[in-house]
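One-based numbering, in listed order, for ligands and for the atoms of each.
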Amino acid sequence: MARKRLVVGNWKSYIESPSEAHALALALRRKARALPGVEVWLAPPYPLLPAVAEVLESSPIKVGAQALSASPGGKHTGEVSANMLKQVGAQFALVGHSERRAQGEGDEQVRAQLLQALQAKLTAVLCVGEHERLQDGSHFSFIERQLVVALDALPPKAKVIVAYEPVWAIGKSAEEAMQPQDLEQMAIFIRKTLVETLDRSAGLKIPILYGGSVESANTHALLIGGGVNGFLVGHASVEAEPFLEIIKACK
Ligand code: 13P
């Protein structure tokens with residue numbers, strides 16, 4: 001996977017109506033061509049995904065899901081399988097987002113979801129993140145475990161992206177986000193873990209994103225000082241202008 005900068009918008013449940021989703025996708029499609037050098041992906045809520053995929057069909061912006069089932073299709077009421085997502089236009093899926101883990105999804109389930117995504121040829125965006133930073137540094141081993149359980153023994157060509165999202169930094173403002181020097185330290189640790197867990201060249205190629213209160217005010221500093229390949233953006237991705245500002249700052 002080439003190291004182009006990547007900005008993924010996770011719409012969470014902020015956008016609830018098809019008309020709002022349509023308008024936002026259209027506004028981004030119009031501007032996307034003027035922003036070469038940065039890849040833009042969007043993760044709308046499930047019911048809005050097919051319509052957003054249709055709006056973006058001939059644009060470089062990719063569409064994916066915020067979650068997916070750990071099982072293939074079958075007797076699983078309320079579940080959304082990887083194959084379903086693929087057929088309605090998804091090209092990637094987030095797996096292991098902390099807001100899903102908070103609902104009880106454990107590391108093994110996250111691995112099963114990741115394998116489902118890969119078998120359907122969806123890029124898996126694996127989210128990891130500690131709840132708090134501890135004096136004794138044990139948040140590093142927490143992240144290591146999340147990575148190793150999900151990625152151990154994957155084929156070297158598996159299409160995976162890692163999104164590091166410390167839970168304590170999510171849903172706040174740029175001032176309360178992680179500091180670039182702390183992010184850089186964690187990005188180096190994640191890279192080392194990837195190289196040790198996977199084949200060396202695969203571990204070096206996997207893009208590492210940061211998520212947690214990314215806004216236009218901190219994008220540049222986190223990109224330059226944090227040593228990451230892009231961002232997973234929540235609240236600042238659900239209106240065109242703030243999201244475009246973040247994308248521009250990644251050029
Ligand atoms: P915020 O950008 O709202 O902090 O959300 C981050 C996130 O969880 C993206 O997946």
Side-chain angles (χ1 to χ4, degrees), residues 5-16 20-21 24 28 38-46 48-49 52 61-68 90-103 105 110 113-114 117 122-133 139 142-143 146-147 150 160-180 182-183 186-187 190 207-223 226 228-250:
R5 284 166 180 169
L6 170 62
V7 180
V8 184
N10 174 7
W11 291 2
K12 305 194 179 189
S13 300
Y14 288 119
I15 293 186
E16 296 178 275
E20 216 185 326
L24 180 53
L28 296 172
V38 187
E39 252 192 271
V40 180
W41 296 5
L42 302 178
Y46 287 142
L48 307 178
L49 195 154
V52 173
I61 301 178
K62 289 185 187 172
V63 179
Q66 298 173 12
L68 81 168
Q91 291 174 273
F92 71 93
L94 307 185
V95 294
H97 192 283
S98 60
E99 287 153 12
R100 308 281 333 148
R101 293 183 192 257
Q103 304 295 317
E105 292 180 5
V110 169
Q113 293 165 353
L114 185 136
L122 299 171
T123 299
V125 181
L126 170 66
C127 304
V128 298
E130 78 280 3
H131 293 265
E132 51 183 342
R133 286 173 75 76
H139 50 287
F142 183 83
I143 298 296
Q146 288 188 328
L147 288 168
V160 174
I161 290 173
V162 171
Y164 168 61
E165 298 204 304
V167 179
W168 53 267
I170 291 178
K172 297 183 173 163
S173 64
E175 296 78 53
E176 297 162 286
M178 196 166 202
Q179 292 305 306
D182 295 331
L183 176 57
M186 184 55 91
I190 290 173
I208 300 174
L209 309 181
Y210 167 76
S213 302
V214 175
E215 296 179 344
S216 60
N218 60 354
T219 302
H220 189 70
L222 286 167
L223 188 70
V228 289
N229 307 108
F231 299 105
L232 178 53
V233 184
H235 66 271
S237 73
V238 292
E239 280 179 49
E241 280 315 315
F243 191 49
L244 287 162
E245 287 303 314
I246 290 172
I247 298 166
K248 276 184 214 155
C250 290

Just to confirm my output: which protein heavy-atom neighbour is closest to atom 2 (O) of ligand 1, and how far is it?
G234 N, 2.9 Å
Which atoms of ligand 1 sit under 4.0 Å from any heavy atom of E165?
6 (C), 7 (C), 8 (O), 9 (C), 10 (O)
Interatomic distance, CG@L114 vs CG@L94, rounded to 0.5 Å, equals 11.5 Å
Please tell me if the side chains of L24 and F243 come closer than 4.5 Å, counting only heavy atoms from C-beta onward.
no
Pairwise side-chain contact, M186 with Y210, heavy-atom cut-off 4.5 Å (strictly under):
no
side-chain hydrogen bond (donor to acceptor under 3.5 Å, both in side chains) with H235: of E215, K172, K12, only one passes, and it is E215
For L232, atoms of ligand 1 separated by under 4.0 Å from a heavy atom
9 (C), 10 (O)
Proximal ligand 1 atoms for N10, defined as those under 4.0 Å from one of its heavy atoms
9 (C), 10 (O)
Side chains of E165 and H97 only: does a donor on one sit below 3.5 Å from an acceptor on the other?
yes
Suppose I only count heavy atoms of H97 and a 4.0 Å limit; which atoms of ligand 1 are within that range?
7 (C), 8 (O), 9 (C), 10 (O)
Could you check whether Q66 and W11, counting side-chain N and O atoms only, form a donor-acceptor pair closer than 3.5 Å?
no
Less than 4.5 Å apart, any side-chain heavy atom of V228 and any of Y164?
no
What's the shortest distance from atom 5 (O) of ligand 1 to any protein heavy atom, and which residue and atom give it?
K12 NZ, 3.1 Å
Determine whether any heavy atom of G171 lies closer than 4.0 Å to an atom of ligand 1.
yes
Does only the side chain of I170 get under 4.0 Å from ligand 1, or the backbone, or both, or neither? Count heavy atoms.
both
Give the atom numbers and elements of ligand 1 that come within less than 4.0 Å of a heavy atom of G212.
4 (O), 6 (C)
Name the closest protein heavy atom to atom 3 (O) of ligand 1, giving the residue it belongs to and the distance to 0.1 Å.
H235 ND1, 2.6 Å
